[in-house]
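Some notes on the structure that comes next.
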Amino acid sequence: MGNAQRARQVLQYCARAGVAEYIVCAGARNIPFLVPLLQACEAPGSPRVFHHFEERAAAFFALGRIKRLGRPVAVVTTSGTAAAELLPAMIEAHYSGLPLLALTADRPANFRGTGAPQAIEQVGLFGPYATAAWDVRDDGILSELGGWGGTGPAHLNVCFDEPGPEQNPDVEAMTLANEPASGDSLCVEDEPPDALLEFLKRAERLVVLLGELTQEEASNLEPWLRDLGAPIWAEAASHLRESDLLAGLRLKSGEAILRDLRPAQVLRLGGVPSCRYWRDLENEPSLEVCSVSRTGFSGLARPSLNLRAKVSAIGELPDSRAMGDTKAMLPQDEKAAWGLEALFQEYPHSEPTCFRRLSGIIPNESLVFLGNSLPIREWNLAATAENRKFRCFANRGANGIDGQLSTFLGCSMGEEAESWGIFGDLTALYDTVAPWMLEQMTEGVCRIVIVNNEGGQIFSRLPAVAGQSGRVRQTIENRHAISFQKWAEWWGLEYLCWRGDGWAPPEGRHAVIEIRPDAEESEAFWKALPDIYTKS
């Protein structure tokens, strides 16, 4: 069997596995994939094909597509270090439970270990971060493909013979219409709910932490959480932070109130929370914690009750009202929330106040992507609690800064409303090639917001850094004086510098908005913030 026929059979397997789209990083080695893919994508019902020149960014773009589609997406690379560039996204997909397929072309198996050009050891390249992996060295192995299920990342490595004139890849067009399995490919089988029900029966001072949820999970959980009646800390990616139905239960003063409330039980639903309080639970072994997520990662090293289940199914459980006077904790939060509003008034050009004002500027029903730890935490703290019907996304699997802009653009593809991605300056610098995909976006409006505080300011608030010398802090924070105006011009994007005052919306379809908060006001805000909780 020649290269072209082998490629066709592999792509037909991908269609049966429900692969919805392909992001192609072209090279000589993966031409047998490229020709049939580009021919097939013109047929009705066939998967879309995008192209990128940089594999790491392409893989994160694919993660964004998976978040929007809820279906497997493949990244197609050539051989050698091109395949290795997929590792960061495969790690993120692993910890987020996303079906990213690394479809890597390889040189013939007998080149392995020889040091020949672009012949690295691609088999097992992603180690534990691929839930399934196949090495297609010969035609017989094609019949053994299977066992993926689309519940996490997978690696399909395909060896192609050295091309010769008799192996013309320009073969007849093929159909690659999806044949997805029934149901949501991001779901898993439910574990018995008995352990969760028993946990709730014991609850006396229960608090619910909502991590990242799909929109389906959020809508199914919403009425159940209302009936449960426990205070809720919801991060933006839960899609429930601004829920009208849960308005009387949501904690509004920021995550620090959780320490002061001193709950006896914590129920975590969805992804591992971004709040510092969650990490501090490592030092609270007597506090009961129950986690329910579709990935099954507890997020804690200490013992806790951890259930891997379809989170949306919790909404179908019997009524299990929280025992004890859990609502007595809410007035304390309400008083602290008034103190937080006072800080916004006192420090109008601080970074958190910029987030508050930005959340009021973004149009209703926009897609909002929060690009790394500091924007996520500042949005959770400061963004308006008014229900603006935002749909919020983030990469919270491995909590890295890799590929955040690329993931945002993947989420934005096909979006009719405006899309706003909010990133720190170092995160943006780490993914400067992301706008390559904008020319392939035929619809939608993208706003890339970069909070430029001239370095990794989140590190300056760590206790281990606070007392260090200026040189140490400068090194840890990666201080810089870079403006993003030239970068925006490089990609042909409109540029706007905003300092938190009056607002003139960008006129262009795509734009870069660089926020320059006042450093002194920001520092004063963070110093004053703890007082609102002690006074409450």
Side-chain angles (χ1 to χ4, degrees), residues 91-98 128-129 131 151-152 188 190-214 217 221 225 228 230-238 240-241 251 254-311 313-314 320 322 326 329 370 372-374 376-377 380-381 394-401 458 461-464:
I91 292 172
E92 177 65 27
H94 173 73
Y95 287 110
S96 297
L98 299 178
Y129 303 114
T131 58
T151 56
V188 298
D190 297 339
E191 287 190 4
D194 298 352
L196 173 59
L197 294 174
E198 289 298 320
F199 173 84
L200 293 173
K201 288 179 182 178
R202 297 192 300 271
E204 295 180 356
R205 284 178 63 85
L206 175 70
V207 166
V208 178
L209 302 185
L210 298 181
E212 185 178 14
L213 298 168
T214 67
E217 290 170 339
L221 280 175
L225 289 167
L228 185 67
I232 297 167
W233 182 86
E235 60 179 290
S238 71
L240 291 174
R241 183 182 177 275
L251 300 173
E255 63 174 78
I257 194 66
L258 293 166
R259 286 187 288 272
D260 296 331
L261 296 181
R262 298 187 178 278
Q265 291 88 13
V266 170
L267 172 61
R268 173 206 128 201
L269 301 176
V272 176
S274 62
C275 59
R276 182 71 205 184
Y277 175 77
W278 177 260
R279 295 189 184 185
D280 291 343
L281 290 179
E282 296 285 3
N283 303 317
E284 299 284 346
S286 63
L287 195 155
E288 277 195 280
V289 178
C290 176
S291 296
V292 185
S293 67
R294 54 185 171 79
T295 63
F297 293 115
S298 70
L300 292 172
R302 50 156 278 193
S304 62
L305 176 61
N306 184 43
L307 303 175
R308 183 173 186 262
K310 183 180 178 183
V311 180
I314 294 175
S320 303
T326 58
M329 296 185 274
L370 301 169
N372 54 311
S373 296
L374 192 57
I376 288 170
R377 289 170 180 166
N380 288 337
L381 172 71
N395 276 347
R396 299 307 294 166
N399 297 280
I401 68 171
I458 193 170
R461 302 206 300 271
L462 296 177

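Please read these numbers as outputs of a predicted model, since none were measured by experiment. Heavy-atom basis, side chains included; hydrogens, waters and symmetry copies ignored.
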I'd like to check Glu255 versus Leu381 (side-chain heavy atoms, cut-off strictly below 4.5 Å). Are they in contact?
no
For the backbone of Arg294 and the side chain of Arg308, can you confirm whether one donor and one acceptor N or O come within less than 3.5 Å of each other?
yes
Would you indicate whether the side-chain heavy atoms of Trp233 and Val266 approach each other to under 4.5 Å?
no
Is there a side-chain contact between Glu212 and Ser293, using heavy atoms and a 4.5 Å cut-off?
no
Under 3.5 Å: donor-acceptor pair, side chain of Glu92, backbone of Ala398
yes
Short side-chain to backbone donor-acceptor contact, Ser304 and Asn306, under 3.5 Å
no
Close side-chain approach of Leu200 to Leu267, heavy-atom, < 4.5 Å
yes
When you compare the side chain of Asp280 with that of Leu258, does any pair of heavy atoms fall below 4.5 Å?
no
When you measure from the side chain of Arg205 to the backbone N and O of Leu261, does any donor-acceptor pair fall under 3.5 Å?
yes
I need the Leu206 CG to Gln265 CD distance, nearest 0.5 Å.
6.5 Å
Test item: Arg241 and Asn380 side chains (from C-beta on) under 4.5 Å apart, heavy atoms
yes
Is the backbone of Gly211 close enough, under 3.5 Å, to the side chain of Arg268 for a donor and an acceptor to pair up by distance?
no
Should the ring pair Phe297 and Tyr95 be called parallel, tilted or perpendicular, given that the plane angle runs from 0 to 90° and is split at 30 and 60?
tilted
